[in-house]
Amino acid sequence: MNSPPSAPTPPLADQLETTGWAIVPNFLDPAECRRLAAECLATWDDGGFRRAGVGRGEQRAIREDIRRDHVCWLDEAAATPAQQRYLARLDELRLEINRRLFLGLFAFEGHFAIYPPGGFYKAHLDRHQGTLDRVVTAILYLNEDWHGDDGGQLRLWTTPGATDGPFEQVEPRLGTLVTFLAGDHWHEVLPARRERMSITGWFRVRGPG
Ligand code: OGA
Ligand code: MN
């Protein structure tokens, strides 16, 4: 962006409306993020994660050449207090986005994600082919003391539909939230050199999915 460094960050929904994406450092306070990170690791230790796949239904496959993360879906009915608070925060955001962008978002589905060292996710869009269900992506990073040489940055191409041209590169730092229009913005996770944690999810519209 060309705005001077002192310019106030526009409210998230404003930026989403203008550019189709928004990056918000410190979206969630550190203590709350640390609770979520601890729950993510405890779930991992309990064997609660599975390898993430690509595609849906009969097309679903484990493709280690495309992505190497492991996921554990959040279950609203079984959510811990910290997870419930985060989901409530996202619900406020959902309503704010609906007020600004008239997207008719009605629900959020999300999962913890862990990229083990060496993990990556090649360039992709988040909307499944032939569906309209995932409209806005929201990713909250849960990594304390992340440094540039830890890799694992999110590369987000800012021109809709493009995998060349300008991009933002986001360090997956504790508390940073990234949102973007799921069907418009190609993105990729660069190889991480240490374990990388997040809560990734999508605001959906009602429909056949
Ligand atoms: C995804 C994804 C990006 C990230 O899970 O679809 O693109 O930065 N994640 O974790
Ligand atoms: Mn994605």
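For ligands, and for the atoms within them, numbers begin at 1 and follow the listed sequence. Keep in mind it's a predicted model, so treat the numbers as computed, not measured.
- Note on D29 versus R34: no salt bridge recorded, every NZ/NE/NH1/NH2 to OD/OE distance being 4.0 Å or above.
- In this structure, CZ in R134 is found 10.0 Å from CZ in F108, a value given to the nearest 0.5 Å.
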Expected list for residues 110-118: side-chain donor-acceptor pairs under 3.5 angstrom, two or more places apart:
none

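- Listed by chain and number, the protein atoms of type N/O/S under 2.8 Å from the Mn ion (ligand 2) are H124 NE2, D126 OD1, H187 NE2; waters are omitted.
- The environment of CD in Q59 is sparse: at most 12 heavy-atom neighbours from other residues, nucleotides or ligands sit within 6.0 Å.
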Quick one: ligand 1 N/O to protein N/O pairs below 3.5 Å?
from, atom 1, to, atom 2, distance (Å)
ligand 1, 6 (O), H124, NE2, 3.3
ligand 1, 6 (O), D126, OD1, 3.2
ligand 1, 7 (O), H124, NE2, 3.1
ligand 1, 7 (O), H187, NE2, 2.9
ligand 1, 8 (O), Y141, OH, 2.6
ligand 1, 8 (O), R196, NH2, 2.8
ligand 1, 10 (O), R196, NH1, 2.9

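- Judged as a side-chain hydrogen bond (donor to acceptor under 3.5 Å, both in side chains), the pairs with a partner in residues 94-103 (not counting sequence neighbours) are, in order, D14-R100, E17-R100, D91-R94.
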Query raised in the report: Are H187 and D126 close enough, and set up right, to give a side chain to side chain donor-acceptor pair (under 3.5 Å), and what steps lead you there?
Result: CA-CA 9 Å; H187 55 285; D126 281 349; 3.1 Å; yes
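- Looking at W146, its side chain does come within 3.5 Å of a backbone N or O of G151 through a donor-acceptor pair.
- Under the 6.0 Å distance and 45° angle rule, R173 does not count as a cation-pi partner of Y141.
- Note on R194 versus D150: salt bridge recorded, some NZ/NE/NH1/NH2 to OD/OE distance being below 4.0 Å.
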